[in-house]
Amino acid sequence: MIGDKKVLFSGMQATGNLTLGNYLGALKNWVSLSDEYECFYSVVDMHSITIRQDPATLRKRARALLTLYIAAGLDPEKNCIYYQSHVSGHAELAWILNCFTYMGELNRMTQFKDKAAKHADNINAGLFTYPVLMAADILLYQADVVPVGIDQMQHLELTRDLAQRFNGIYGDVFTIPEAYIGKVGAKIMSLQDPSKKMSKSDENPNGSIYLMDDPDTIRRKCKRAVTDSLGEFRYSDEQPGLHNLIDIFCACTNRTPEDVVAEFSGSGYGQFKEAVGEAVVSVLDPLQKRVAELEKDKSYIDSVIKNNAEKANYYAQKTLRKVQKKVGFPEKIR
Ligand code: ATP
Ligand code: LTN
């Protein structure tokens, strides 16, 4: 708890252009939860370098992501929006937690297997221990709740196991976090292959809607989305392409699948795809305008970066000091 509020932590990597999946699965929920909790939203740039990055591009993308958090509606006066690399406690706690994590646990992580297969030329130790750094992010702020997409559940389970293990040995040190999975949009699939999640690292740009895509591109991608040849307008797992488009539509318009099926049951897929395109445009257009405005105000963004890093450091140090003492590190002489 911070004051009378529970704590929320989440983060995103600055490794590519954000997709509609990132927005609907994560960012949108962050905004809706931000009043209720004391929130920490990090740009997890330390996680990003588990895959090789061009330094200038990473720096640019990290800033763009931080700006996007604000543009999406997170008030940086109320929410702590900061770069992970500006708070050294993340790395320090990750090291300690590494010593409480078993190789077998990390070997089971499906994201590691996927990423190792994709980047076979650079299977580094950081990629392997990525989930431990993520656990450190969350536990450092004693987070109660962590809003993520379904793909991150396995990492969250590991975080809970590590916290429980540590508490079992040293007493109540860490809050045990809960995942928060949004009801709609938790897993947006690729428009070109609805068996795969929409991902910013997909090689096929037509599978993903990027948050910065212009309206015509968005409309075109929706129109070309893969559906099926059944021609029946239902919300069914047997029609994954249509199911996904209904999910997108619902998440953008705050409507329910039943309601949407009732409205479009007499229409063809083409007509519905057009409506999906318009719904996405009406969500992304204001977001893009706000990003453009914020990008002009360099000193404002700089002040957010500075002030929030200080705030994050303050809370991080509190936990870190406790943990260091528990494991037996000698006290600093001040
Ligand atoms: P990459 O493709 O590089 O692995 P990613 O698109 O999966 O990246 P992350 O930075 O790993 O993006 O995820 C940021 C947040 O967005 C996480 O909370 C994740 O669960 C959520 N997310 C990512 N893709 C989707 C999706 N298709 N549907 C819903 N949520 C998603
Ligand atoms: N692993 C996450 C990003 C991430 C995160 C976190 C999410 C890093 N640290 C802490 C929630 C809480 C991802 O790839 N989406």
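Read the numbers this way: they start at 1 and go in the same order the structure lists the ligands and their atoms.
Within the listing of ligand 2, atoms 11 (C), 12 (C) sit less than 4.0 angstrom from a heavy atom of S10. Annotation for ligand 2: atoms under 4.0 Å from non-hydrogen atoms of V148 are 7 (C), 11 (C). Atom numbering of ligand 1 starts at 1 in the shown order; those under 4.0 Å from a heavy atom of S201 are 1 (P), 2 (O), 3 (O). Within ligand 1, the atoms closer than 4.0 Å to a non-hydrogen atom of Q13 are 10 (O), numbered from 1 in the order shown. Residue contact check: V44 has heavy atoms under 4.0 Å from atoms 8 (C), 9 (N) of ligand 2. Close approach to V146 involves these atoms of ligand 2, each under 4.0 Å from a residue heavy atom: 11 (C), 12 (C). Contact atoms of ligand 2 toward Q13: 14 (O) (distance under 4.0 Å to a heavy atom of the residue). Which parts of ligand 1 touch G149 is read off a 4.0 Å heavy-atom cut-off, strictly below it: atoms 18 (O), 19 (C), 20 (O). Counting the atoms of ligand 1 from 1 in the order shown, those under 4.0 Å from a heavy atom of G25 are 29 (C), 30 (N). Close approach to A26 involves these atoms of ligand 1, each under 4.0 Å from a residue heavy atom: 15 (C), 16 (O), 18 (O).
If you check which protein heavy atom lies closest to atom 10 (C) of ligand 2, you get F9 CE2, 3.4 Å. Closest protein heavy atom to atom 9 (N) of ligand 2: D137 OD2, 2.6 Å. The protein heavy atom nearest to atom 14 (O) of ligand 2 is Y130 OH, 2.8 Å. Protein heavy atom in closest approach to atom 7 (C) of ligand 2: G11 O, 3.5 Å.
Two residues are said to be in side-chain contact when any heavy atoms from C-beta on lie closer than 4.5 Å; Q152 and Q111 meet this criterion. Side-chain atoms of F112 and P131, non-hydrogen and from C-beta on, never get closer than 4.5 Å to each other. Residues L191 and I248 have side chains in contact (heavy-atom distance under 4.5 Å, counting atoms from C-beta outward).
Partner of Q13 under the side-chain contact (heavy atoms from CB on, under 4.5 Å) criterion, chosen from H47, Q84, M46, R61: H47. Under the side-chain contact (heavy atoms from CB on, under 4.5 Å) rule, Y315 has a single partner from V7, I2, V87, which is I2. The ring pair (Phe, Tyr, Trp, His ring centres under 6.0 Å) test with W30 singles out one residue from Y69, F9, Y180, and that residue is Y69. Here the options are F40, Y41, Y37, the test is ring pair (Phe, Tyr, Trp, His ring centres under 6.0 Å), and the partner is Y141; only F40 passes.
A salt bridge is defined here as a Lys NZ or Arg NE, NH1 or NH2 lying under 4.0 Å from an Asp or Glu carboxylate O, and K289 with E293 fails to meet this definition. A salt bridge is absent between E203 and K118: the closest approach of a Lys/Arg side-chain nitrogen to an acidic carboxylate oxygen does not fall below 4.0 angstrom. Salt bridge present: R165 and E105 bring a charged side-chain N and a carboxylate O closer than 4.0 Å. Looking at D302 and K298, a side-chain N of the basic residue comes within less than 4.0 Å of a carboxylate O on the acidic one, giving a salt bridge.
Checked against a 3.5 angstrom limit, the closest N/O atoms of V148 and ligand 1 fall outside it. The shortest N/O to N/O separation between Q152 and ligand 1 does not fall below 3.5 Å. Ligand 1 has an N or O atom lying under 3.5 Å from an N or O atom of G21, backbone or side chain. Some N or O of Q152 is nearer than 3.5 Å to an N or O of ligand 2, by distance alone. At least one N/O-N/O distance between D151 and ligand 1 falls below 3.5 Å.
Using a 4.0 angstrom heavy-atom cutoff, K115 counts as in contact with ligand 1.
Heavy atoms of D151 found under 4.0 angstrom from ligand 2: none, in either backbone or side chain. At a heavy-atom cutoff of 4.0 Å, ligand 1 is contacted by the backbone of K187 but not by its side chain. With a 4.0 Å heavy-atom cut-off, ligand 1 is reached by no atom of M189.
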Fill in: Test log, rule side-chain hydrogen bond (donor to acceptor under 3.5 Å, both in side chains), inputs K200 and T15
CA-CA 8 Å; K200 50 180 143 70; T15 40; 3.1 Å; yes
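The salt bridge (charged side-chain N to carboxylate O under 4.0 Å, His left out) test applied to D216 returns R219, not counting sequence neighbours.
Below 30°, between 30° and 60°, or above 60°: for Y170 and F166 the angle between ring planes is between 30° and 60°, a tilted geometry.
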